[in-house]
Amino acid sequence: MVPMPEQSPPSATHDVTNQPPPLAPYDASADAALLEGLRREGAGWAEEDVRLLGLRAGGAEAQEWGELANRHEPELRTHDRYGNRVDEVEFHPSWHHLMRTAVAEGLAGTPWAEDRPGAHVARTAGGLVWGHTEAGHGCPTSMTYAAVPALRAQPDLAKVYEPLLSSREYEPGLRVPTEKRGLLAGMGMTEKQGGSDVRTNTTVATPTDEPGVYTLRGHKWFTSAPMCDVFLVLAQAPDGLSCFLVPRVLPDGTRNTFRIQRLKDKLGNRSNASSEPEFDRTVAWLVGPEGRGVKTIIEMVNCTRLDCVMSSATLMRKTLVEAGHHARHRSAFGTRLLDQPLMRNVLADLALESEAATTLTLRLAGAADRAVRGDEGERAFRRIATAVGKYWVTKRGPAFTAEALECLGGNGYVEDSGMPRHYREAPLLSIWEGSGNVNALDVLRALGRSPESTESFFAELSLARGANTHLDATVTSLKRQLAEADQVSARRVVERMALALQASLLVRHAPPAVADAFCATRLGGDWGHSFGTLPSGTDLSAIVDRALPV
């Protein structure tokens with residue numbers, strides 16, 4: 001008789017070893033660069049709230065909300081069961097949990113209702129930690145934040161809507177705006193034939209007999225978060241391109257015409273609905289003077305561009321934390337990945353990029369906060385530095401997230417890790433609110449038309465004069481490059497401006513190990529063409545230990 005083989009335990013071939021434990025729960029605010037910048041830019045009073053939000057963002061529940069909101073994507077419902085046009089988008093409950101928290105924590109329009117200095121910095125810091133959950137729901141909160149200064153061009157409308165846009169109450173569902181406790185705002189600027197060239201818009205605004213009230217007819221190409229309560233849109237009025245407020249529901253309770261033709265099938269940002277609405281006799285209220293639509297929305301663009309920088313910095317930090325966690329718990333060839341010199345070089349290089357992005361984000365938020373309070377020097381600096389930061393930080397995002405993903409190897413390439421979602425998100429931030437070319441050209445325009453912005457930019461760089469030879473040499477050459485800058489060289493010049501600005505901030509505020517390595521590599525050329533090529537002699541441990549505390 002042939003003996004029967006022994007029965008193995010059911011899990012004998014499936015014991016899990018050498019795999020990292022789940023990252024969550026973790027503290028998304030455990031970032032020295034973030035907390036130091038928060039204090040430095042005048043919002044130290046918000047540190048406790050930011051820390052509490054960081055714990056919540058890194059908690060298992062909030063992390064699951066982010067995953068579910070992207071797995072169960074929004075669905076367009078054009079008609080109800082009876083055939084009535086409703087044009088609604090349905091979201092998974094996790095989306096509403098994320099939104100409710102973001103609005104309650106003041107990440108939408110709340111800073112405009114707060115008088116204390118640093119309110120806008122506190123909001124940005126909150127976004128840097130709450131963004132560890134997922135990126136899509138940051139779109140409606142960003143647009144709501146940005147809508148308030150644009151709406152102030154029409155004081156009678158601002159008086160009605162601003163208190164609701166700055167509320168901490170999230171109240172989804174289409175109803176008469178003034179009957180709700182809080183509102184969200186969207187925007188509809190671009191059209192299919194023009195994109196960023198909004199002056200070619202063909203949507204027509206026709207005045208009615210009621211002063212300030214128009215009807216719109218046209219088709220918008222990218223209008224995100226179509227379930228917002230009100231939208232700022234551009235249309236051609238008799239005196240030229242103008243800005244209008246379009247509510248989804250009119251004061252008498254009837255639905256305004258806002259026909260959603262489809263939702264965009266996007267590479268990333270899939271939790272957020274981006275739509276193509278058609279306007280047909282759609283009622284709208286003029287915001288600002290006729291023919292001054294671009295000028296009216298400039299302040300809005302400054303705000304949303306800052307949020308693009310913030311979101312890119314958040315993605316960098318989130319994926320760095322994921323990579324560091326994996327390296328801390330995974331071993332290969334008998335040694336933890338974190339202890340292997342080459343992996344430490346990669347992580348340290350990523351940490352330099354992340355800290356530079358976070359530090360610049362908070363400096364821009366500080367400039368925005370002080371500009372709102374009447375500081376003309378900060379207003380001039382913000383005008384040029386926000387476009388510089390938007391160009392460069394968002395450009396670095398895709399390469400950064402790809403490298404962080406690679407730190408997890410094949411584990412990072414599967415959806416369960418969450419890294420593919422972050423990777424798909426990264427390119428968006430360079431495209432929205434003006435692509436790289438648009439921002440580079442905006443910097444050239446600022447250099448030509450706003451000498452005070454150029455002066456304020458170099459005044460900022462001068463604060464670090466004499467502290468690093470690479471930085472001093474860069475500033476000297478940069479002045480010459482700016483004098484000769486044209487469209488062909490625009491990207492090269494703006495890149496150099498961004499690196500000089502980041503370096504100056506790190507030289508002044510970061511530990512020497514961080515500042516010296518950044519300047520030597522990004523400015524001094526002692527660097528390769530990919531992350532993980534920091535030169536021998538770099539204090540890798542000091543950089544990594546600062547970025548990835550135990």
Side-chain angles (χ1 to χ4, degrees), residues 33 36-42 117-118 121 302 305-306 309 352-353 355-393 439-440 442-485 489-526:
E36 291 168 9
L38 177 73
R39 301 177 200 123
R40 184 171 59 247
E41 297 298 338
V121 178
N302 281 331
R305 284 182 175 175
L306 170 59
V309 181
L352 292 179
E353 198 74 30
E355 177 154 352
T358 297
T359 302
L360 177 55
T361 297
L362 290 166
R363 175 65 184 95
L364 295 177
D369 192 87
R370 291 182 281 276
V372 166
R373 299 175 197 287
D375 188 322
E376 291 303 319
E378 288 289 80
R379 183 184 299 277
F381 173 75
R382 178 198 185 198
R383 168 71 182 90
I384 195 168
T386 300
V388 167
K390 165 64 167 70
Y391 171 82
W392 181 241
V393 175
N439 277 270
D442 278 355
V443 173
L444 289 191
R445 277 190 286 272
L447 291 170
R449 300 176 184 175
S450 306
E452 66 277 11
S453 291
T454 308
E455 293 170 7
S456 67
F457 186 83
F458 279 102
E460 179 76 16
L461 298 184
S462 71
L463 297 175
R465 183 186 295 124
N468 184 279
T469 56
H470 296 303
L471 177 57
D472 288 345
T474 297
V475 173
T476 299
S477 65
L478 186 58
K479 291 178 179 178
R480 181 178 64 255
Q481 288 177 304
L482 293 186
E484 302 170 353
S489 63
R491 283 189 173 218
R492 187 180 183 90
V493 168
V494 175
E495 174 180 318
R496 207 68 176 160
M497 292 175 71
L499 290 171
L501 181 55
Q502 288 181 321
S504 72
L505 291 169
L506 295 180
V507 164
R508 291 159 55 202
H509 305 304
V514 172
D516 292 347
F518 187 91
C519 291
T521 54
R522 275 64 170 175
L523 301 181
D526 194 3

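Quick caveat: nothing in here was measured; it's all calculated off a predicted structure.
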Exercise for review: Taking all heavy atoms of L501 and all of A385, pick out the closest pair and write down the distance.
Suggested key: CD2-CB, 4.2 Å
**Study point:** Short N-O contact, R373 and D369, less than 4.0 angstrom
**Key:** yes
Check your understanding: Do the charged groups of R363 and E460 touch, with an N to O distance under 4.0 Å?
Key -> yes
Check your understanding: Salt bridge check: are E495 and R522 linked by an N-O gap of less than 4.0 Å?
Key -> no
Practice item. Would you check if the side chain of R379 reaches a backbone N or O of A371 as a donor-acceptor pair within less than 3.5 Å? Key: yes
Point to revise | Nearest-0.5 Å distance that lies between atom CG in L360 and atom CD in E355 | key: 12.0 Å
Review point. Can you check side-chain contact (heavy atoms from CB on, under 4.5 Å) on L505 and F518, steps first, answer last?
Key: CA-CA 11 Å; L505 291 169; F518 187 91; over 6 Å; no
Exercise for review: In sequence, state the C-alpha distance, the side-chain angles, and the governing distance for L461 and L478, and then conclude on side-chain contact (heavy atoms from CB on, under 4.5 Å).
Suggested key: CA-CA 11 Å; L461 298 184; L478 186 58; 4.3 Å; yes
Exercise for review: Decide yes or no for T359 and E36: does some side-chain heavy atom of the first lie under 4.5 Å from some side-chain heavy atom of the second?
Suggested key: no
Practice item. Keeping the roles fixed (side chain from D526, backbone from A520), state whether a donor-acceptor pair exists under 3.5 Å. Key: no
Practice item. Would you sort out whether E376 and E452 count as a side-chain contact (heavy atoms from CB on, under 4.5 Å), showing the intermediate values? Key: CA-CA 9 Å; E376 291 303 319; E452 66 277 11; over 6 Å; no
**Study point:** Where A500 and L523 come nearest, the two heavy atoms and their spacing
**Key:** N-CD2, 4.3 Å
Check your understanding: Quick one: CD on E455 to CD1 on I384, what's the gap to the nearest 0.5 Å?
Key -> 11.0 Å
Exercise for review: Evaluate whether atom CZ of R465 has more than 12 neighbouring non-hydrogen atoms of other residues, nucleotides or ligands under 6.0 angstrom away.
Suggested key: no
Exercise for review: Look only at the side chain of S456 and the backbone of S453, and say whether a donor-acceptor pair between them is shorter than 3.5 Å.
Suggested key: yes
Practice item. To the nearest 0.5 angstrom, please state how far the CG atom of D472 sits from the NE2 atom of H470. Key: 10.5 Å
Point to revise | Side-chain touch L482/F457, heavy atoms, less than 4.5 angstrom | key: no
Review point. What do you reckon, is CZ of R492 surrounded by more than 12 foreign heavy atoms closer than 6.0 Å?
Key: no
**Study point:** Steps toward salt bridge (charged side-chain N to carboxylate O under 4.0 Å, His left out) verdict (R305, D442)
**Key:** CA-CA 12 Å; R305 284 182 175 175; D442 278 355; 2.8 Å; yes
Study note, to complete from the structure: Rounded to the nearest 0.5 Å, the CD atom of E353 sits from the OG1 atom of T521 at a distance of 8.5 Å
**Study point:** D375 and R382 ion-paired at < 4.0 Å
**Key:** no
Exercise for review: Using modelled atom types only, decide if a donor and an acceptor are shared between the side chain of S489 and the backbone of A485 within a distance under 3.5 Å.
Suggested key: no
Revision key, fill the gap. Separation between CE (M497) and CH2 (W392), nearest 0.5 Å, reads 13.5 Å
Exercise for review: Could you give me the CA-CA distance, side-chain angles and deciding distance for R496 and Q481, then say whether side-chain contact (heavy atoms from CB on, under 4.5 Å) is met?
Suggested key: CA-CA 9 Å; R496 207 68 176 160; Q481 288 177 304; 3.7 Å; yes
Practice item. Report the distance from atom OG of S504 to atom CG of L471, rounding to the nearest 0.5 Å. Key: 6.0 Å
Check your understanding: Which atoms form the tightest heavy-atom contact between Q502 and A357, and what is the distance?
Key -> NE2-N, 3.7 Å
Check your understanding: Would a 4.5 Å heavy-atom cut-off, applied to side chains only, mark V494 and N439 as touching?
Key -> no
Review point. Are the side chains of Y391 and V309 in touch, meaning some heavy atoms are under 4.5 Å apart?
Key: no
Review point. Less than 4.5 Å apart, any side-chain heavy atom of K390 and any of L364?
Key: no
Check your understanding: With respect to C519, which candidate in L499, T474, V507 satisfies the side chain to side chain contact (heavy atoms under 4.5 Å, CB included) definition?
Key -> V507
